[in-house]
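Everything on this sheet refers to the single structure shown next.
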Amino acid sequence: AQAAVGSLAKRFGVEDSERMADGIVRLAVAQMASAIREITVERGYDPADFVLMPFGGAGPMHATILAEEIGMSEVLVPNHPGNLSSLGQLATDQVYEAVRTYLARLDSLDLDGLLALRDAHVANGRTELAGRGFPDGRMRFTHALDMRFARQAFEITVEIPDDAWSPAALRRTFLETYEKHFGHAGSDGEIEIVNVRTRIIGVTRKPEIKHLRRGKGALADALKQHRRAWFDGAWTKVPVYEREQLPVETAFRGPAIVEEDGSTTVISPGWHGRRDRQGNLRLTAAQRK
C-alpha cells in the first residue's frame with residue numbers, strides 16, 4: 001500500500017505518501033458526504049438532527065471524519081457491522097408495492113373511486129401476504145400518492161396518513177411535502193394525482209437484543225496495544241481496543257482504534273466513545289467552543 005500510494009504521490013507532486021493517503025481518504029469522505037446531503041439537505045432534512053450509523057467492514061473507519069464533514073455529532077456503530085446487511089436481509093419485513101395510475105385533479109376528484117382503488121390494493125395485499133404465511137396481525141399497509149401541480153412534467157411521492165383522505169387534506173399534505181422538497185409551494189395552484197401507491201408489509205419476527213451487564217472489568221483489559229496512526233497531519237500513538245472486551249458504559253477518548261472480527265472503528269481526536277448496554281459503540285463529538 002505504501003508503494004502504491006507513494007507512486008501516486010510522485011505523479012501528483014505530493015510531498016510524501018502519508019499526505020497522499022490522507023488526501024485520498026478525505027476525497028472519499030467528501031464523496032460520501034455529498035451522497036448523504038442528497039438524501040437529507042436536498043429533501044429538507046438537517047443531518048445534524050440525526051445519528052450516523054456506519055456499517056460494513058470499512059464504514060466505521062470513516063464515520064467520525066464523515067460526521068464532522070456534514071455537521072453530525074453522534075455516531076452509532078451497531079453490533080457486527082460487517083454482517084449488518086446480512087442480518088438485515090434475514091430480519092427485515094417483507095415489503096411489496098402496488099402501483100396503479102390514477103389521473104385526477106383534486107378540484108374534481110372522485111373520492112369514492114380513489115378510495116376504492118386504495119382498498120383494492122389492501123385486499124389484494126392481504127391475499128398475497130396470507131399466501132406467504134402471514135397472519136392478519138402481522139400485516140401492515142401504508143399509502144402514498146404521486147402528485148404534482150397541474151401541467152408540471154414531474155411528480156413527487158406524498159405519504160398519506162390514514163386521516164388525510166379528503167380533497168382538502170390531500171391538498172394540505174401535498175403542499176407541506178412540496179415545500180419541504182423545494183422550499184416554497186404556491187397555495188392556489190391546481191393539483192393533480194398521477195399514481196396510487198400502497199406498501200404491503202409482512203411483519204417478520206425480530207431477533208431479541210440482550211442487554212449486557214455492567215462488568216467489573218477496566219478499560220485497560222480491552223487494550224490490545226498502542227499503534228502509530230495518522231491524525232490531523234501527523235503521526236501519533238493511539239490505543240487499540242478489542243471491542244468485545246470494552247466494559248459497558250465506560251467512556252474513553254479519541255484518538256483511538258477499536259478492532260473486531262469483520263470491521264474496524266477509527267475514532268478521531270475530539271470524540272468520546274463508549275459501549276452501551278446493547279453492545280453498540282456510541283461515539284459523541286466533544287463540545288467545541
Arg282 backbone acceptor or donor facing Asn280 side chain under 3.5 Å
no
From Leu223 atom CG to Leu246 atom CG, the distance as rounded to the nearest 0.5 Å
10.0 Å
Other residues, nucleotides, ligands: >12 heavy atoms within 6.0 Å of Lys237 NZ
no
Decide if atom NZ of Lys10 counts as having more than 12 heavy atoms of other residues, nucleotides or ligands within a radius under 6.0 Å.
no
Hey, is the main chain of Ala116 close enough, under 3.5 Å, to the side chain of Asp119 for a donor-acceptor pair?
no
Quick one: CG on Asp221 to OG1 on Thr250, what's the gap to the nearest 0.5 Å?
10.0 Å
Which heavy atom of Gly82 sits nearest to which heavy atom of Ser263, and what is that distance?
N-CB, 4.3 Å
Give a yes or no on this: more than 12 heavy atoms of other residues, nucleotides or ligands lie within 6.0 Å of atom CG of Asp162.
no
Are Leu66 and Leu281 connected in the hydrophobic side-chain network, where two residues link if heavy atoms are under 4.5 Å apart?
yes
Beyond-backbone contact of His272 with Arg253, side-chain heavy atoms, under 4.5 angstrom
yes
Are Ile70 and Met32 connected in the hydrophobic side-chain network, where two residues link if heavy atoms are under 4.5 Å apart?
yes
CZ of Phe182 to CD1 of Ile156, rounded to nearest 0.5 Å, is 6.0 Å
Answer yes if Tyr45 and Leu76 sit in the same cluster of Ile, Leu, Val, Met, Phe, Trp and Tyr residues linked by side chain heavy atoms under 4.5 Å apart, and no otherwise.
no
Should Glu244 and Arg275 count as an ion pair when the cut-off is N to O under 4.0 Å?
yes
Would you indicate whether Asp49, at its atom CG, is surrounded by more than 12 heavy atoms from other residues, nucleotides or ligands within a distance under 6.0 Å?
yes
Nearest non-hydrogen partners of Trp271 and Ser73, listed with the distance:
CZ3-O, 3.6 Å
Which atom names give the shortest non-hydrogen contact between Leu52 and Met72, and what distance separates them?
N-CE, 3.3 Å
About how many Å separate CD1 of Ile267 and OG1 of Thr284, when rounded to the nearest 0.5 Å?
10.5 Å
Give the C-alpha distance, both sets of side-chain angles, the deciding distance and a yes or no for side-chain contact (heavy atoms from CB on, under 4.5 Å) between Val158 and Tyr178.
CA-CA 9 Å; Val158 180; Tyr178 195 96; over 6 Å; no
Has the side chain of Lys224 got a donor or acceptor atom that lies under 3.5 Å from a matching backbone atom of Ala222?
no
Between Thr204 (side chain) and Thr92 (backbone), is there a donor-acceptor pair under 3.5 Å?
yes
Should the pair Asp188-Arg171 be classified as a salt bridge under the 4.0 Å nitrogen-to-oxygen rule?
no
With rounding to the nearest 0.5 Å, note down the distance linking CE in Met147 to CD in Gln152.
11.5 Å
Looking at every heavy atom in both Val5 and Ala21, which two are closest together, and how far apart are they?
CG1-N, 3.7 Å
Step-by-step side-chain contact (heavy atoms from CB on, under 4.5 Å) determination, Arg227 to Ile257
CA-CA 9 Å; Arg227 185 184 302 157; Ile257 296 171; 4.3 Å; yes
Arg26 versus Ile65: any side-chain heavy-atom pair under 4.5 Å?
yes
Sub-3.5 Å donor-acceptor pair from the side chain of Asp46 to the main-chain atoms of Ala48, do we have one?
yes
So, for Leu84 and Phe55, which heavy atoms are closest and what is the spacing to 0.1 Å?
CD2-CB, 3.5 Å
Regarding His184 and Glu179, do their side chains bring together a donor and an acceptor under 3.5 Å, going by distance alone?
no
Are any of the side-chain heavy atoms of Leu87 and Asn83 separated by less than 4.5 Å?
no
Please table the atom pairs, donor to acceptor, closer than 3.5 Å between any side-chain atom in residues 123-141 and protein atoms at least two apart or in another chain.
{"from": "Asn124", "atom 1": "ND2", "to": "Ala120", "atom 2": "O", "distance (Å)": "3.3"}
{"from": "Thr127", "atom 1": "OG1", "to": "Ala123", "atom 2": "O", "distance (Å)": "3.3"}
{"from": "Glu128", "atom 1": "OE2", "to": "Arg132", "atom 2": "NE", "distance (Å)": "2.8"}
{"from": "Glu128", "atom 1": "OE2", "to": "Arg132", "atom 2": "NH2", "distance (Å)": "3.2"}
{"from": "Arg132", "atom 1": "NE", "to": "Tyr96", "atom 2": "OH", "distance (Å)": "2.9"}
{"from": "Arg132", "atom 1": "NH1", "to": "Tyr96", "atom 2": "OH", "distance (Å)": "3.3"}
{"from": "Arg138", "atom 1": "NH1", "to": "Val203", "atom 2": "O", "distance (Å)": "2.7"}
{"from": "Arg140", "atom 1": "NH1", "to": "Gly137", "atom 2": "O", "distance (Å)": "3.0"}

What verdict does the side-chain contact (heavy atoms from CB on, under 4.5 Å) test give for Thr173 and Glu159, after you've listed the backbone C-alpha separation in whole Å, the side-chain angles of each residue and the deciding distance to 0.1 Å?
CA-CA 8 Å; Thr173 305; Glu159 301 291 333; over 6 Å; no
Side-chain heavy atoms of Met53 within contact of Pro78, under 4.5 Å:
yes
Decide side-chain contact (heavy atoms from CB on, under 4.5 Å) for Tyr241 and Leu219; before the verdict, give the C-alpha distance in whole Å, the side-chain angles of both, and the deciding distance to 0.1 Å.
CA-CA 9 Å; Tyr241 298 109; Leu219 186 62; 3.7 Å; yes
With a 4.5 Å heavy-atom cut-off, do Pro60 and Glu260 have their side chains touching?
no
ILVMFWY cluster, Ile160 and Leu114 together (side-chain gap under 4.5 Å):
yes
How about Leu175 and Phe149: do any of their side-chain heavy atoms sit closer than 4.5 Å?
yes
If Ile, Leu, Val, Met, Phe, Trp and Tyr residues are connected whenever their side-chain heavy atoms lie under 4.5 Å apart, and connections chain through other members, are Leu283 and Met61 in the same group?
no
Please work out which of the three classes, parallel, tilted or perpendicular, describes the rings of Trp230 and Trp235, given edges at 30° and 60°.
perpendicular
Rounded to the nearest 0.5 Å, how far does CD of Glu69 lie from OG of Ser34?
10.0 Å
Please find the pair of heavy atoms, one from Asp232 and one from Pro269, that lie closest to each other, and give the distance.
OD2-CG, 3.7 Å
Side-chain donor-acceptor distances from residues 190-201 under 3.5 Å, at least two apart:
{"from": "Glu190", "atom 1": "OE1", "to": "Arg105", "atom 2": "NH1", "distance (Å)": "2.5"}
{"from": "Glu192", "atom 1": "OE2", "to": "Arg148", "atom 2": "NE", "distance (Å)": "2.7"}
{"from": "Glu192", "atom 1": "OE2", "to": "Arg148", "atom 2": "NH2", "distance (Å)": "3.1"}
{"from": "Asn195", "atom 1": "OD1", "to": "Thr101", "atom 2": "OG1", "distance (Å)": "3.3"}
{"from": "Asn195", "atom 1": "ND2", "to": "Asp146", "atom 2": "OD2", "distance (Å)": "2.9"}
{"from": "Arg197", "atom 1": "NE", "to": "Asp146", "atom 2": "OD1", "distance (Å)": "3.0"}
{"from": "Arg197", "atom 1": "NE", "to": "Asp146", "atom 2": "OD2", "distance (Å)": "2.9"}
{"from": "Arg197", "atom 1": "NH1", "to": "Glu97", "atom 2": "OE1", "distance (Å)": "3.3"}
{"from": "Arg197", "atom 1": "NH2", "to": "Asp146", "atom 2": "OD2", "distance (Å)": "3.0"}
{"from": "Thr198", "atom 1": "OG1", "to": "His121", "atom 2": "ND1", "distance (Å)": "3.0"}
{"from": "Thr198", "atom 1": "OG1", "to": "His143", "atom 2": "ND1", "distance (Å)": "2.9"}

